[in-house]
Amino acid sequence: MNRALAFPAGTVAHLPTATGGELADLLALERAGARLALVALPAAVEDSLYRYNNLPERLARLYAGVDPLDPDEDLVEEAEGPALALVSGAHLLDDVIDAVYEALAGLPEELVVRRPGEEVGEPAAGRRGALLAFKALIGRDWRADAVIARLRRHGSVAVDARPVIAHARAAAPDAELSLVAAETLGRLATVHAHEGGVTGVA
């Protein structure tokens with residue numbers, strides 16, 4: 001498989017974006033000896049979905065009539081359905097799917113797939129469910145309110161690919177690990193964990 005799309009389980013050290021926010025906290029805990037009970041998919045996975053399905057061009061056509069300096073909310077709302085359909089109908093390359101399945105093999109059946117730094121993710125059952133949840137996360141970027149906010153902020157509908165994290169849905173705050181995190185990070189932190197493995201930091 002393409003090396004840029006290879007990723008191990010139980011670590012965030014392979015993410016080039018592990019330099020800020022929750023990813024940086026997870027990396028610091030990992031380096032301090034904490035066990036991470038998660039799979040972190042690099043931004044390259046999302047990027048491959050966009051590229052393989054020619055989504056940037058196809059999505060841009062849906063918003064071609066929208067003025068980025070003064071977006072018509074009605075036009076953006078009309079494009080939401082077709083945009084979400086494009087994302088949900090997109091496919092990942094077989095080698096990417098194989099890598100995702102292999103990485104998720106050690107996680108429980110009931111999962112949450114989310115963006116780093118975001119508490120609310122998409123529930124998933126099993127490995128195929130995790131892929132569907134992954135696409136649902138991407139779909140959030142094409143809801144009308146997200147597109148309008150992006151247009152007003154950046155003057156473009158384009159989206160930067162980002163990492164995602166998958167972990168057990170049963171993860172819960174862990175007081176002992178939170179104390180370890182406070183010492184490691186130098187601030188109060190709430191660590192979520194599953195069976196002693198860190199799944200998130202807030």
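Hydrogens, waters and symmetry mates play no part in the numbers below; they use all other heavy atoms, side chains included. Positions are given from 1, in the same order as the sequence printed here.
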Next on the checklist: Working note: His167 + Val112, criterion side chain to side chain contact (heavy atoms under 4.5 Å, CB included); need CA distance, chi angles, decisive distance, verdict.
Outcome noted: CA-CA 6 Å; His167 57 74; Val112 168; 4.1 Å; yes
Next on the checklist: Applying a strict under-4.5 Å side-chain criterion to I, L, V, M, F, W and Y, I'd like to know whether Tyr52 and Ile138 cluster together.
Outcome noted: yes
Checklist entry - Is the number of heavy atoms from other residues, nucleotides or ligands under 6.0 Å of Glu119 CD greater than 12? => result no
Next on the checklist: Looking at every non-hydrogen atom in both residues, tell me the closest pair between Ala103 and Ala9 and how far apart they are.
Outcome noted: O-CB, 3.5 Å
Item to check | Separation of Leu59 CG from Trp142 CH2 (nearest 0.5 Å) | outcome: 4.5 Å
Next on the checklist: With a 3.5 Å distance limit and no angle check, can you tell me whether Thr199 reaches the backbone of His194 through a side-chain donor-acceptor pair?
Outcome noted: no
Item to check | Thr184, Leu185, Thr190 screened by side-chain contact (heavy atoms from CB on, under 4.5 Å) with Val201, the one that passes | outcome: Leu185
Item to check | Heavy-atom closest contact (Ala189 atom, Ala181 atom, distance) | outcome: CB-CB, 4.1 Å
Item to check | Arg140/Glu80 ion pair, N-O < 4.0 Å | outcome: no
Item to check | Which atom of Val96 lies closest to which atom of Leu92, heavy atoms considered | outcome: CG1-CD2, 4.1 Å
Checklist entry - So do the side chains of Glu73 and Ile148 get within less than 4.5 Å of each other, counting heavy atoms only? => result yes
Item to check | Donor-acceptor contact present, side-chain Asn53 to main-chain Leu55, <3.5 Å | outcome: no
Next on the checklist: Using a 6.0 Å cut-off, check whether atom NE2 of His91 has over 12 heavy atoms from anything other than its own residue.
Outcome noted: no
Next on the checklist: Tell me if a side-chain donor or acceptor on His14 pairs with a main-chain N or O of Ala40 at a distance below 3.5 Å.
Outcome noted: yes
Checklist outcome for this item: Residues Gly139 and Leu84: closest non-hydrogen pair is O-CD2, 3.1 Å
Item to check | Interatomic distance, Ser178 atom OG to Glu183 atom CD [nearest 0.5 angstrom] | outcome: 11.5 Å
Checklist entry - Under 4.5 Å between side-chain heavy atoms, hopping through other hydrophobics if needed: is there a path connecting Leu29 to Leu179? => result no
Item to check | Ion pair Arg114/Glu22, N-O distance below 4.0 Å | outcome: yes
Checklist entry - Any chance CZ of Arg51 has more than 12 other-residue heavy atoms, nucleotides or ligands included, within less than 6.0 Å? => result no
Item to check | Of Val12, Val198, Leu107, Thr11, the residue whose pairing with Leu38 passes side-chain contact (heavy atoms from CB on, under 4.5 Å) | outcome: Val12
Next on the checklist: Quick check on the hydrophobic clustering: are Leu111 and Val45 connected, directly or via other members, by side-chain heavy-atom contacts under 4.5 Å?
Outcome noted: yes
Next on the checklist: Let me check something: do Leu49 and Tyr101 share a hydrophobic cluster, defined by ILVMFWY side-chain heavy atoms less than 4.5 Å apart, either directly or through other members?
Outcome noted: yes
Checklist entry - Does CZ belonging to Arg128 count more than 12 external heavy atoms closer than 6.0 Å? => result no
Item to check | Where Ala166 and Leu104 come nearest, the two heavy atoms and their spacing | outcome: CB-CD2, 3.9 Å
Checklist entry - Just how far is it from atom CG of Leu26 to atom CZ of Arg31, taken to the nearest 0.5 Å? => result 12.0 Å
Checklist entry - Does the pair Ile97 and Leu131 meet the rule for a side chain to side chain contact (heavy atoms under 4.5 Å, CB included), with working shown? => result CA-CA 8 Å; Ile97 293 174; Leu131 288 180; 3.9 Å; yes
Checklist entry - Is any side-chain heavy atom of Leu137 less than 4.5 Å from a side-chain heavy atom of Glu46? => result no
Checklist entry - Does some side-chain heavy atom of Leu41 sit less than 4.5 Å from a side-chain heavy atom of Pro163? => result no
Next on the checklist: Testing the basics here: between Ala79 and Tyr63, what is the closest heavy-atom pair and its distance to 0.1 Å?
Outcome noted: CB-CE2, 3.5 Å
Checklist entry - Given side chains that start at C-beta, do those of Val191 and Val180 come closer than 4.5 Å, heavy atoms only? => result no
Checklist entry - Mind checking whether Leu23 and Leu177 sit in one hydrophobic cluster, side chains of I, L, V, M, F, W, Y counted as touching below 4.5 Å? => result yes
Next on the checklist: Please check: side-chain N/O of Arg115 versus main-chain N/O of Val164, any donor-acceptor pairing under 3.5 Å?
Outcome noted: no
Next on the checklist: I need the Leu62 CG to Glu78 CD distance, nearest 0.5 Å.
Outcome noted: 11.5 Å
Checklist entry - Looking at CG of Asp70 and CG of Asp72, how far apart are the two atoms once the value is rounded to the nearest 0.5 Å? => result 8.0 Å
Item to check | Any pair counted as salt bridge (charged side-chain N to carboxylate O under 4.0 Å, His left out), so long as it reaches residues 159-176, sequence neighbours left out | outcome: Glu110-Arg169, Asp141-Arg162
